[in-house]
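Input: a single structure, listed below in structure tokens.
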There are 2 protein chains.
Amino acid sequence: MPFRIKIPRSTIERLPLYYRCLNLIEEHGIEEISSQVLGVRVGVDPSVIRKDLAWFGELGKRGVGYNVTYLKEAIARILGLDREWPFILVGAGKLGMALAEHNRKYGRHFHLVGVFDRDPAKIGLEVGGMQIRPMEDMPLLIKEKDVKIAMVAVPAEEAQKVAHELVKNGIKGILSYAPITLSVPPDVLVYNADYNLDLQRLAYYISNEGEQTWGE
Amino acid sequence: MPFRIKIPRSTIERLPLYYRCLNLIEEHGIEEISSQVLGVRVGVDPSVIRKDLAWFGELGKRGVGYNVTYLKEAIARILGLDREWPFILVGAGKLGMALAEHNRKYGRHFHLVGVFDRDPAKIGLEVGGMQIRPMEDMPLLIKEKDVKIAMVAVPAEEAQKVAHELVKNGIKGILSYAPITLSVPPDVLVYNADYNLDLQRLAYYISNEGEQTWGE
DNA sequence: CTTTGTGAACTGCTTCACAGCC
DNA sequence: GGCTGTGAAGCAGTTCACAAAG
């Protein structure tokens, strides 16, 4: 009977930060790193890093630290980055097109396999190395390429409808740039990339500079 | 002697979600809303919403709910959205330009007052209703317009240098699209908009579908 | 002597349940 | 009856401190 441990959500949120940093450190030719030093680099307390990593076994060496390449690859495996993830983009406006181009240049682990738009005038145009296709082609492509992830960069009014369609066709993760809360079943995960959310949070903390307090 | 209460970070993270949703609800002409119904709309438990709002006084009416417009405006005030925030963009690549254009169309509360790029070939080009300017112009503009917020959309190699410069000139909040962890003083806040982080988190949860568990 | 891995204490957020008010 | 505001209970994540290992 296999024992199974629930990993804290906050641990999973941080792993990509570690991964991103380790790639950079590896490029610099550094082979070993302590939770102390890594902590400074990613802006996370060393004991948090150790606790996070400990969930997945003994990844470090006591008295020494972590082997950079080994740790990097371990995290990649944990996150599921030991394979390529196909994803699609819905919405080929300015933002969508920029994301597609960006992915073509810098994308690793995730590669764009289809761009869709509702606007007939855009069908056939090239973006991110792909031709823009009509929404009707989406179901088949998702099935053929076994796509699980979608980026959504359509206007607010369309976004919920698009989300519905994606979910219906088997998409399990959505990265949404639309300025609304998408309603999806519990087995589908949505991350909000609407930058206004972050700008507003920044505004709060800057308004209440220093003292994150309220009242008088 | 004024009493001051520390607001939980998680409360502040959620307020923009409420705000975004309330704007939509208001447009639909709905005047009153219960935490129950709002909760379904934003995907947050009603008691969480009530606790969040209670930090800022009695914003609702018992037995009735919350007045949509009143609550919306209260949250705006809390977040500091009762004024316009000027911000600058550093990095006029494809992504930066798309963000600038997007802000011009949809931006409220935050308006772009300057776009900067290191590349001499780009200086003078128009983007988001602004002309791209050289980095050297940045300090003066920040001072003149009292800018506190910056978006950074430059390559990884440049990002830390840019962050340093921004901080040196008084920027207090950074929304960074660069794929690195920026190191800044404790009085400066950075949000990571690097979409690879979210894609990797999605990959984890999809890989471990249903059971967010580990071990065997 | 260094640094990890980890139980125990602590902190902070969420959930619960209900008193207070409409 | 309905819904908010809120103390109390419960839970999850962080911090601490140190034993274990190189």
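Just so it is clear, the model here is predicted, and its values are computed rather than measured. First the proteins, then the strands, lettered A, B, ... as listed; each starts at 1.
With hydrogens and angles ignored, no donor-acceptor pair closer than 3.5 Å exists between the side chain of B:Lys61 and the base of D:dG5. Between the base of D:dG7 and the side chain of B:Lys51 there is a donor-acceptor pair shorter than 3.5 Å. B:Arg50 contributes a side-chain N or O that forms a donor-acceptor pair with the base of D:dG5 under 3.5 Å.
In this structure, the nucleotide among D:dA21, C:dC22, D:dT15 sitting nearest to the side chain of A:Asp45 is D:dT15. The side chain of B:Arg14 lies closest to C:dT14 when the candidates are C:dT14, C:dT4, D:dT4. Candidate nucleotides C:dC22, C:dG5, D:dT14 were compared by shortest atom distance to the side chain of B:Val64, and C:dC22 ranks first. Checking D:dG13, C:dT4, C:dA19 against every side-chain atom of A:Ser10, the shortest atom distance belongs to D:dG13. The side chain of A:Ser47 sits closest to D:dC16 out of D:dC3, D:dC16, D:dG13. For A:Glu58, counting side-chain heavy atoms from C-beta on, the closest listed nucleotide (C:dT14, C:dT6, C:dT3) is C:dT6.
Considering only side-chain N and O atoms, B:Tyr66 lies nowhere under 4.0 angstrom from the phosphate OP1 or OP2 of C:dC22.
Here D:dG13 presents its P atom at 11 Å from CD1 of A:Ile7, a figure rounded to the nearest Å. Computed from coordinates, the A:Asp52 CG to D:dA12 P distance equals 16 Å when rounded to whole Å. Spacing between atom CD of B:Glu32 and atom P of D:dG2 amounts to 17 Å, rounded to whole angstrom units. D:dC18 atom P lies 16 Å from atom CZ of A:Arg62, rounded to whole Å. As rounded to whole Å, 16 Å separates atom C1' of D:dT6 from atom CD1 of B:Ile49. The nearest whole Å value for the distance from the CG atom in A:Leu38 to the C1' atom in C:dT4 is 13 Å. At whole-Å resolution of the value, CD1 in A:Ile12 and C1' in D:dG13 are 14 Å apart. Rounded to an integer number of Å, the gap from CZ of A:Arg9 to C1' of D:dT14 is 18 Å.
Using a 4.5 Å heavy-atom threshold, the side chains of A:His164 and A:Gln160 count as touching.
Remark: side-chain polar atoms of A:Trp85 are paired, donor with acceptor, to backbone N or O of A:Gly80 under 3.5 angstrom.
Residue B:Leu59 is in sugar-phosphate contact alone, with no base atom involved, counting any heavy-atom pair closer than 4.0 Å across all strands shown. Across all strands shown, B:Ser35 has heavy atoms under 4.0 Å from sugar-phosphate atoms exclusively, and none from any base.
Atom CD of A:Glu31 sits in a sparse spot, with 12 or fewer heavy atoms from other residues, nucleotides or ligands closer than 6.0 Å.
Exactly one of B:Leu81, B:Leu79, B:Thr11 qualifies for a side chain to side chain contact (heavy atoms under 4.5 Å, CB included) with A:Tyr204. That residue is B:Leu79.
Cation-pi geometry between B:Arg77 and B:Phe56 is not met: the NZ or CZ atom fails to fall both under 6.0 Å from the ring centre and inside 45° of the normal.
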